[in-house]
**Student:** 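Just passing along the structure, written as structure tokens.
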Amino acid sequence: MVFWDYTATKVLTLEYVPGIKINQLDALDAGGYNRSRISSRAIEAYLIQILRTGFFHADPHPGNLAIDVDESIIYYDFGMMGEIKSFTRERLLELFYAVYEKDAKKVMQSLIDLGALQPTGDLSSVRRSVQFFLENLLDQRPDQDTTLAAIGEDLFAIAQDQPFRFPSTFTFVLRAFSTLEGIGYILDPNFSFAKIAAPYAQELLDIRQRQRTGSQLVQEIRKQADDARSYTMSMPYRVQRIEEILKQLESGDLRLRVRVLESERAARKATILQMATMYTVLGGTLLNLGVTFSSQGSQIIANGSFVGAGVFLTLFLRSMQRVKKLDKFEKMI
């Protein structure tokens, strides 16, 4: 219940509902609560908020979650809420269907429609990485060595290009699911997010199947026929374009840029080492100045020089850590 007399534009005053905090395991066990059922309900409640209502609690950490006497989930602190518009929910559903069908191209298109993936540059690395994770979706999490051996070069290219741009709403959702998954494992060592989400996934698939029956199926067939006709009609133009591109290549008017990831890694490593060398020179210079001023009695200037030398030493150590990470990455791919 809302206490409106004590509520303003920036203050929301609600009735306090007593309960046991969701991470107080001893109290839950003493009360005879079913921790496995509680972990399932916490995820189910959030799936309902995300997929059905589009209005969700954006900060479900253990301090904001409690358990009632009937094992219902109690939410506290509604100061941070998120909303998913109907258009975004539809795109999320398309993303879900694409993941279910293990179609990397549809997954990427859904991410582009959601604004989470920038359709610029070379996306072949993203497509191969998405396909790898889709193929291993139902398996146990692939270990780091297996993943890097399979798509290490692609992951490096993605890290360089940074094509992903997750909107703030998705950040809240991912953080919330990550927090709830951690709570689930605390409550139940055998916790499985996939098993809990399976009924909701099946419900979404059933809805899509019903939508595709009858007139929807006829419309989809008609759309596919229109796409095939337009594709056939555009074929002569495509062939002509290919011929023009080949002519431009032969005449030198068009140049191809070949991306060599090994060279990119080497260039990046050389840049880091160059910066590390500069930090060493500057730090050494400031250190010598500090010693000189200290011997002359200018302690304030000397202390400033020592602080500056310490800053450059820290930057140097960070640069060397980055070089070590790159070397380790190269050995693993």
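When a residue number appears, it is its place in the shown sequence, counting from 1.
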**Student:** Measure the CG-CG distance between N23 and L25 for me, rounded to the nearest 0.5 Å.
**Tutor:** 7.0 Å
**Student:** Counting neighbours of CZ on R322 that are heavy atoms of other residues, nucleotides or ligands and sit closer than 6.0 Å, is the number greater than 12?
**Tutor:** no
**Student:** Any ring-ring contact (aromatic ring centres under 6.0 Å, His included) pairs touching residues 3-31, not counting sequence neighbours?
**Tutor:**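 Matches after skipping sequence neighbours: Y16-Y76.
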**Student:** Do F312 and T280 come close enough that some side-chain heavy atom pair is under 4.5 Å?
**Tutor:**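 The answer is no, as the side chains (C-beta and beyond) never meet within the 4.5 Å cut-off.
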**Student:** About how many Å separate CZ of F177 and CZ of F172, when rounded to the nearest 0.5 Å?
**Tutor:**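 Going from CZ on F172 over to CZ on F177, the span is 15.0 Å.
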**Student:** Does I183 share a hydrophobic cluster with I48, counting links as ILVMFWY side-chain heavy atoms below 4.5 Å and allowing steps through other members?
**Tutor:**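 They do share one cluster, since a chain of ILVMFWY contacts under 4.5 Å joins I183 to I48.
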**Student:** Going hydrophobic residue to hydrophobic residue with side-chain gaps under 4.5 angstrom, can you get from M80 over to I74?
**Tutor:** no
**Student:** Answer yes or no: does atom CZ of R318 have more than 12 heavy-atom neighbours from other residues, nucleotides or ligands under 6.0 Å?
**Tutor:**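 12 or below, so no.
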**Student:** Not counting sequence neighbours, which residues clear side-chain hydrogen bond (donor to acceptor under 3.5 Å, both in side chains) with N288? List them please.
**Tutor:**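 N288 satisfies side-chain hydrogen bond (donor to acceptor under 3.5 Å, both in side chains) with no other residue.
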**Student:** Taking only residues two or more places apart in sequence, or in another chain, which ones meet K85 in a side chain to side chain contact (heavy atoms under 4.5 Å, CB included)?
**Tutor:**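 By the side chain to side chain contact (heavy atoms under 4.5 Å, CB included) rule, K85 matches E83, T88.
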**Student:** Walk me through it: do I196 and F191 pass the test side-chain contact (heavy atoms from CB on, under 4.5 Å)?
**Tutor:** CA-CA 9 Å; I196 297 171; F191 170 83; 3.3 Å; yes
**Student:** Using every non-hydrogen atom in the two residues, find where L289 and S305 come nearest and quote the distance to one decimal.
**Tutor:** CB-OG, 4.1 Å
**Student:** What's the separation between atom CD in E44 and atom OG in S39, rounded to the nearest 0.5 Å?
**Tutor:** 9.0 Å
**Student:** Strictly distance-based, threshold 3.5 Å: is any side-chain N or O of S40 a donor or acceptor partner for the main-chain N or O of S36?
**Tutor:** yes
**Student:** Mind listing the closest non-hydrogen atom pair of I20 and A27 along with its distance?
**Tutor:**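 Smallest heavy-atom distance, with atoms named: CG2-CB, 3.7 Å.
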**Student:** Nearest 0.5 angstrom please: S192 OG to I43 CD1, how far?
**Tutor:** 10.5 Å
**Student:** So do the side chains of T13 and V11 get within less than 4.5 Å of each other, counting heavy atoms only?
**Tutor:**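 Touching, per the 4.5 Å side-chain cut-off.
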**Student:** So does I67 get a backbone contact from the side chain of E71, meaning a donor-acceptor N/O pair under 3.5 Å?
**Tutor:** no
**Student:** State, yes or no, whether a side-chain contact exists between V2 and T7 at a heavy-atom distance under 4.5 Å.
**Tutor:** yes
**Student:** Going by atom type alone, with no hydrogens or angles, which donor-acceptor pairs under 3.5 Å involve a side-chain atom of residues 59-66 and a protein atom two or more places apart or on another chain?
**Tutor:**
from : atom 1 : to  : atom 2 : distance (Å)
H61  : ND1    : G63 : N      : 3.0
H61  : NE2    : N64 : ND2    : 3.1
N64  : ND2    : D59 : O      : 2.9

**Student:** For G290 and A302, which heavy atoms make the closest approach, and how far apart are they?
**Tutor:** O-CB, 3.3 Å
**Student:** Quick one: CG on L47 to OG1 on T53, what's the gap to the nearest 0.5 Å?
**Tutor:** 11.0 Å
**Student:** Is the shortest heavy-atom distance from the side chain of N34 to the side chain of I38 under 4.5 Å?
**Tutor:**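 Side chain of N34 against side chain of I38, heavy atoms only: no contact under 4.5 Å found.
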**Student:** Is V69 linked to L187 within one hydrophobic cluster, defined over Ile, Leu, Val, Met, Phe, Trp and Tyr using a side-chain heavy-atom separation of less than 4.5 Å?
**Tutor:**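 Yes.
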**Student:** Which atom pair, heavy atoms only, marks the closest approach of A58 to G82?
**Tutor:**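 Answer, listing the atom of A58 first, then G82: CB-N, 4.1 Å.
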**Student:** Hey, are the side chains of D188 and R35 touching, using non-hydrogen atoms and a 4.5 Å cut-off?
**Tutor:**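 Heavy-atom side-chain distance check fails, nothing below 4.5 Å.
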**Student:** Which pair of heavy atoms, one from S319 and one from I272, lies closest together, and at what distance?
**Tutor:** O-CG2, 3.4 Å
**Student:** Is the shortest heavy-atom distance from the side chain of F316 to the side chain of T277 under 4.5 Å?
**Tutor:**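 They are not in contact (no side-chain heavy atoms under 4.5 Å apart), so the answer is no.
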**Student:** Residues in side-chain hydrogen bond (donor to acceptor under 3.5 Å, both in side chains) with D70, at least two apart?
**Tutor:** S72
**Student:** How far does CE of M320 sit from CG of L315, to the nearest 0.5 angstrom?
**Tutor:**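 The CG atom of L315 is 13.5 Å from CE of M320, to the nearest 0.5 Å.
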**Student:** Who passes side chain to side chain contact (heavy atoms under 4.5 Å, CB included) against F78, sequence neighbours left out?
**Tutor:** L12, L14, H57, Y75, M81
**Student:** Search all heavy atoms of I22 against all heavy atoms of A42 and return the closest pair with its distance.
**Tutor:** CD1-CB, 4.4 Å
**Student:** Same cluster for F293 and F306 if Ile/Leu/Val/Met/Phe/Trp/Tyr side chains link at under 4.5 Å?
**Tutor:**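 Cluster IDs for F293 and F306 differ.
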**Student:** Taking side chain as C-beta onward, heavy atoms only, is S110 less than 4.5 Å from E94?
**Tutor:** yes
**Student:** With clusters defined by side-chain heavy atoms of hydrophobic residues (ILVMFWY) lying less than 4.5 Å apart, directly or transitively, does L317 cluster with M275?
**Tutor:**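 Linked, M275 and L317 end up in one cluster.
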